[in-house]
Amino acid sequence: MLHALYGKHKLILQKEWFQRDVLQVAPELLGKKLCRQFSDGRIVKVAITEVEAYDGQEDKACHAHRGMTDRNAIMFEPGGCWYVYLCYGVHWLLNITTGEKDYPAAVLIRGIDDCNGPGRLTKHLQVDGLFKNSVADKKSLLWIEDAGPVPEHEIIRSARIGVDYAGEKWASKPYRFNWIKV
DNA sequence: GGAGTGATGACA
DNA sequence: GTCATCACTCCA
């Protein structure tokens, strides 16, 4: 198991931690604490329970598969930034970028403790477009902290949700990771 | 099962 | 400039 790279604040996952293969980062994010500081100063920390990986330009389900656009440009930067976008005109979806510069990849955070659904959790944590392209650190009021590894047998892999448009090859990739607590 | 919702990207 | 599409949620 790869060790987390720690910065000045012992628990906060640093940019370098995200600058690895998205398929390695995604399952390791399970059990980590998604942390949000609200405008009144209150801090909420919740465990991540479900994620999906979107892996580069080859991946037809990835927003970057047709190259760089205004929206997805942040995915081409080194990992560790928030990629936030509005889905169906209603829901903000929260992703963390991964990988090296010029390799577009990100992890969609789909579920946290007591809050399933990528659109629901952003509403719950009051995350919107203001966070897009910001660095995942304490200054941005949204960051991720280490919380120890999740046992491998508690991780379930399956196909990603809502990506049928990508064609069977990519829609069927087991790039979705669920943490099923025993 | 079906509608809402508006930014985004493709194309002209 | 237009137009179709969409990594979803809620209510019936």
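The basis for the numbers below is simple: all heavy atoms, side chains too, and nothing from hydrogens, waters or symmetry mates. Chain identifiers are assigned alphabetically (A, B, ...) following the order of the sequence lines, protein sequences preceding nucleic acid strands; residue numbering begins at 1 within each chain.
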Step by step, would you call A/Gln19 with A/Trp17 a side-chain hydrogen bond (donor to acceptor under 3.5 Å, both in side chains)? CA-CA 6 Å; A/Gln19 289 165 15; A/Trp17 191 86; over 6 Å; no
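- Proximity of A/Tyr88 to the phosphate of B/dA3: no side-chain N or O atom is located under 4.0 Å from OP1 or OP2.
- Checking B/dG4 for Watson-Crick or G-U wobble geometry (two distances, each under 3.5 Å) identifies C/dC8 as its partner.
- Judged by the 6.0 Å and 45° rule, A/Arg157 forms no cation-pi pair with A/Tyr175.
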Which atom pairs link the protein and nucleotides 10-12 of chain B when you take only N or O atoms and keep those under 3.5 Å?
{"unit_1": "B/dA10", "atom_1": "OP1", "unit_2": "A/Arg66", "atom_2": "NE", "d": "2.7"}

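- Residues A/Glu145 and A/Lys45 are paired through a salt bridge, judged by an N-O separation under 4.0 Å between the basic side chain and the carboxylate.
- Between the CG atom of A/Asp55 and the C1' atom of C/dA7 there is a distance of 15 Å, rounded to whole Å.
- Regarding A/Ile96, its CD1 atom lies at a distance of 16 Å from the C1' atom of C/dA7, rounded to whole Å.
- Side-chain polar atoms of A/Tyr54 and A/Asn95 form no donor-acceptor pair below 3.5 angstrom.
- A 4.5 Å side-chain heavy-atom check between A/Cys81 and A/Lys15 finds at least one atom pair inside the cut-off.
- Within residues 154-163 of chain A, the residues that have a heavy atom under 4.0 Å from DNA chain C are, in order of number, A/Ile161, A/Gly162, A/Val163.
- Residue A/Tyr85 contributes atom OH, which lies 8 Å from atom C1' of C/dC6 at whole-angstrom precision.
- If you take CG of A/Leu93 and P of B/dA7, they are 16 Å apart, rounded to a whole angstrom.
- Note: CG (A/Asn133) to P (B/dT8) measures 11 Å, nearest angstrom.
- One can place NE2 of A/His65 at 14 Å from P of C/dT5, the figure rounded to the nearest angstrom.
- Residues A/Pro118 and A/Leu108 meet the side-chain proximity criterion, which asks for heavy atoms closer than 4.5 Å.
- Taking atom NE2 of A/His91 as the reference point, atom C1' of B/dG4 lies 9 Å away to the nearest angstrom.
- In this structure, A/His63 reaches the C/dA7 phosphate: one of its side-chain N or O atoms is under 4.0 Å from OP1 or OP2.
- Here A/Arg160 does not pair with A/Glu52 in a salt bridge; the nearest charged N to carboxylate O distance is not below 4.0 Å.
- Salt bridge absent: A/Asp137 and A/Lys139 never bring a charged side-chain N and a carboxylate O closer than 4.0 Å.
- A/Arg20 and A/Glu28 are joined by a salt bridge, as a carboxylate oxygen and a charged side-chain nitrogen come within less than 4.0 angstrom of each other.
- Checked for salt-bridge contact, A/Lys169 and A/Asp59 miss the test: no charged N lies under 4.0 Å from a carboxylate O.
- Among the nucleotides B/dG9, C/dC8, B/dA7, the one closest to the side chain of A/Asp70 is B/dG9.
- Candidate nucleotides B/dT8, B/dT5, C/dC8 were compared by shortest atom distance to the side chain of A/Lys132, and B/dT8 ranks first.
- Residue A/Arg71 places its side chain closer to B/dG9 than to any other of B/dG9, C/dT9, C/dA7.
- One can place CG of A/Asn72 at 18 Å from P of B/dA7, the figure rounded to the nearest angstrom.
- The side chain of A/Arg120 contributes an N or O atom lying less than 4.0 Å from OP1 or OP2 of C/dC10.
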